[in-house]
Amino acid sequence: MKIEVFGTGCSKCNMLEANVRKALTSLGVQADVVKVRDVGQMIDRGFMVTPALAIDGEIVVAGRVASVGELIELISSRRPKA
């Protein structure tokens with residue numbers, strides 16, 4: 001699983017990344033967490049607001065900080081079933 005956090009490094013972007021890491025820890029899930037700070041990449045992906053979050057290439061949150069609980073649900077619904 002690849003999780004991308006899009007943002008320029010503002011406090012909300014950092015909070016979203018922290019919430020992602022808390023959700024992953026809570027779930028016991030391993031994932032690549034990548035911070036994308038390049039505005040050109042963000043525009044190429046089709047959004048203009050930050051923070052934003054993509055899971056395996058799909059934008060799932062944009063323009064707000066998702067809570068740990070919401071992130072747990074988003075990650076759980078997208079992880080492979082064993």
Side-chain angles (χ1 to χ4, degrees):
M1 177 178 286
K2 181 178 179 181
I3 299 176
E4 298 166 285
V5 179
F6 296 88
T8 58
C10 69
S11 61
K12 288 183 179 182
C13 301
N14 293 335
M15 185 181 300
L16 179 58
E17 180 187 11
N19 285 356
V20 165
R21 294 189 185 281
K22 288 176 188 175
L24 290 169
T25 299
S26 176
L27 289 167
V29 171
Q30 295 281 331
D32 278 334
V33 179
V34 178
K35 289 182 81 172
V36 179
R37 293 184 179 195
D38 181 6
V39 174
Q41 284 185 18
M42 293 180 217
I43 293 169
D44 288 346
R45 297 288 289 275
F47 61 94
M48 301 289 290
V49 294
T50 61
L53 182 82
I55 300 176
D56 293 332
E58 178 187 352
I59 302 296
V60 294
V61 174
R64 63 185 178 82
V65 177
S67 69
V68 174
E70 180 182 0
L71 292 166
I72 287 172
E73 289 181 27
L74 289 168
I75 293 165
S76 293
S77 69
R78 284 164 175 78
R79 72 180 184 187
K81 306 295 183 223

Worksheet item: Taking only residues at least two apart or on different chains, which pairs with a member in residues 45-56 satisfy side chain to side chain donor-acceptor pair (under 3.5 Å)?
Response: Glu4-Arg45
Discussion item. Measuring from atom OG of Ser67 to atom CG of Leu74, what distance do you get when rounded to the nearest 0.5 angstrom?
Written reply: 9.0 Å
Worksheet entry | Shared hydrophobic cluster, Val49 / Val5 (ILVMFWY, side-chain heavy atoms < 4.5 Å) | no
Response to the item:
Here the ring pair (Phe, Tyr, Trp, His ring centres under 6.0 Å) pairs for residues 8-34, sequence neighbours left out, are none
Discussion item. List the residues meeting side-chain hydrogen bond (donor to acceptor under 3.5 Å, both in side chains) with Lys35, not counting sequence neighbours, and say none if there are none.
Written reply: Asn14, Glu17
Worksheet entry | Partners passing side chain to side chain contact (heavy atoms under 4.5 Å, CB included) against Ala23 (at least two apart in sequence or in another chain) | Val68, Leu71, Ile72, Ile75
Worksheet item: Residues sharing Val39's hydrophobic cluster, by side-chain heavy-atom contacts under 4.5 Å among ILVMFWY, directly or via others?
Response: Ile43, Met48
Practice prompt. Please list, chain by chain and in numerical order, all residues satisfying side chain to side chain contact (heavy atoms under 4.5 Å, CB included) with Glu58, sequence neighbours excluded.
Written response: Val60, Arg78
Practice prompt. Would you list the pairs meeting ring pair (Phe, Tyr, Trp, His ring centres under 6.0 Å) in which at least one residue belongs to residues 1-34, sequence neighbours left out?
Written response: Phe6-Phe47
Item to complete: Report the residues that fulfil salt bridge (charged side-chain N to carboxylate O under 4.0 Å, His left out) with Glu70, sequence neighbours left out, ordered by chain and then residue number.
Response: Arg64
Fill in: Which atom of Gly7 lies closest to which atom of Cys13, heavy atoms considered
CA-SG, 3.3 Å
Practice prompt. Starting at CD1 of Ile3, measure out to CG of Asp32 and round the result to the nearest 0.5 Å.
Written response: 9.0 Å
Worksheet item: What's the shortest heavy-atom distance between Val65 and Pro51, and which atoms?
Response: CG2-CG, 4.1 Å
Response to the item:
Sorted by chain and residue number, the side-chain hydrogen bond (donor to acceptor under 3.5 Å, both in side chains) partners of Gln41 (sequence neighbours excluded) come out as none
Discussion item. Whether the side chain of Ser26 engages the backbone of Lys22 through a donor-acceptor N/O pair (distance < 3.5 Å, no angle test) should be reported.
Written reply: no
Practice prompt. Indicate the atoms forming the closest heavy-atom contact of Asn19 with Ala66, along with that distance.
Written response: ND2-O, 2.9 Å
Response to the item:
Arg37 meets the salt bridge (charged side-chain N to carboxylate O under 4.0 Å, His left out) criterion, sequence neighbours left out, with none
